[in-house]
Amino acid sequence: MSDSTLVIWDDVFSGYDFGPSHPLRPLRLELTMALAGQLGVLDRPGVTVQAPTSAPDDLLELVHDPMYVASVKRAPDDLMGRLSLKYGLGTGDVPIFRQMHEAAALVTGATVDAAKAVWEGTHQHAVNISGGLHHAMRGRASGFCVYDDPAVAIAWLLSQGATRVAYVDVDVHHGDGVEAAFYDDPRVLTLSLHESGRTLFPGTGWADQVGADEGVGANVNVALPMGTGDAGWLRAFEAVVPPVLRAFQPQVMLTQHGCDTHALDPLAHLLMSIDGQRVAYRRLHELAHELCGGKWIAVGGGGYEPVQVVPRAWTHLLAEATGAPVDGATPGDWRETARTKGNELAPTSLTDGRSVAWVPWEGGPGAEDDKVDQAVRETREAVFPHLGLDPMSVDG
Ligand SMILES: [Zn+2]
Ligand SMILES: [Zn+2]
């Protein structure tokens with residue numbers, strides 16, 4: 001069901017590297033592209049792999065404060081670090097490295113390239129697995145993120161005349177940077193499903209954050225309890241995402257695919273499997289075809305299990321975006337690469353072999369004592385009326 005897909009990739013993405021002791025390891029991207037490549041996903045008909053172009057300052061400044069961009073450029077030479085710290089640079093989460101600006105501008109440029117291809121119609125879908133740095137703020141680095149590539153790409157779409165852009169963020173962390181960039185803008189729907197801020201960084205993303213001013217109703221948060229697995233996550237997704245997107249009627253969708261919702265992820269506390277994650281990817285793909293002619297831009301995001309989780313999760317994303325799922329065993333050559341580069345035994349199967357059976361939301365209040373249903377109810381009650389939807393009805 002896909003006409004053509006652009007995959008933005010270059011080995012130079014590995015330059016976005018905070019050092020060997022930082023959880024965001026470039027290895028996760030390298031092993032993803034190796035796995036997708038060996039499975040033939042990148043050689044499918046209609047697939048183009050293209051190197052990124054760097055985002056110039058005027059593009060970055062659609063979202064970021066010029067003073068902040070200047071301080072990112074200056075950070076590697078700011079030996080005392082005082083100026084940089086003011087902008088969130090030089091912290092444990094965002095250590096300063098040489099060529100930091102160049103590496104981050106390349107990731108952002110790649111997501112804008114993806115948006116351009118989809119908006120201008122040269123490709124139906126476009127994927128940038130290096131992107132999804134959703135915590136960066138207008139004037140501050142945060143949560144491993146220097147420039148907010150999804151926000152910059154959305155701002156670029158608006159500059160081209162887009163009036164209804166939907167951003168859906170399935171990373172385990174709240175997509176706070178993208179939310180903040182468009183909180184009062186009715187042209188951008190931001191929708192984030194995440195582990196509750198009670199137990200996870202960045203400590204925001206509540207149901208009652210529904211947007212401000214003209215943007216009220218165009219910001220949706222589902223704050224899930226720790227321990228949520230496939231069945232609960234997919235139940236919450238289906239109870240909120242399709243009705244909200246159908247009400248909003250996007251012209252184009254940009255989705256963020258952080259795979260740190262997985263049970264093995266070391267930084268968070270949800271319990272999804274690869275099987276559940278790929279159902280979510282399939283649903284987002286289907287919704288893009290249903291609602292906006294397949295205009296779909298997909299980016300990566302978090303994911304801190306660079307051998308066991310990220311390569312498989314995002315190979316499924318690439319497989320989905322290029323037309324057909326992949327199944328079965330991981331190739332032996334890939335396992336060897338993973339063992340050599342990651343120094344651990346790689347998974348032998350492309351999925352976790354889990355059943356993703358789940359019970360759909362049936363309307364009404366849901367189960368009173370179920371924490372996932374409580375989260376769904378809070379979101380629906382807070383935001384559905386602003387979208388002309390009934391919080392209690394299954395169809396909205
Ligand atoms: Zn498609
Ligand atoms: Zn994350």
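As the structure lists them, so they are numbered: ligands from 1, and atoms in each ligand from 1.
Checking each of Phe144, Tyr304, Phe97 against His22 for a ring-ring contact (aromatic ring centres under 6.0 Å, His included) leaves exactly one that passes, namely Phe144. Of the candidates Val168, Asp171, Leu284, His257 forms a side-chain contact (heavy atoms from CB on, under 4.5 Å) with just one, namely Leu284.
Between His289 atom NE2 and His285 atom NE2, the angle centred on the Zn ion (ligand 1) amounts to 100° (nearest 10°).
The Zn ion (ligand 2) sits nearest to atom OD1 when only the N, O or S atoms of Asp171 are considered. The atom of Asp260 nearest to the Zn ion (ligand 2) is OD2, with the search restricted to N, O or S atoms.
At least one N, O or S atom of His173, from either the backbone or the side chain, sits less than 2.8 Å from the Zn ion (ligand 2).
Here Asp185 pairs with Arg187 in a salt bridge; the nearest charged N to carboxylate O distance falls below 4.0 Å.
Ring orientation note: the planes of His174 and His194 are tilted relative to one another, at an angle of 30° to 60°.
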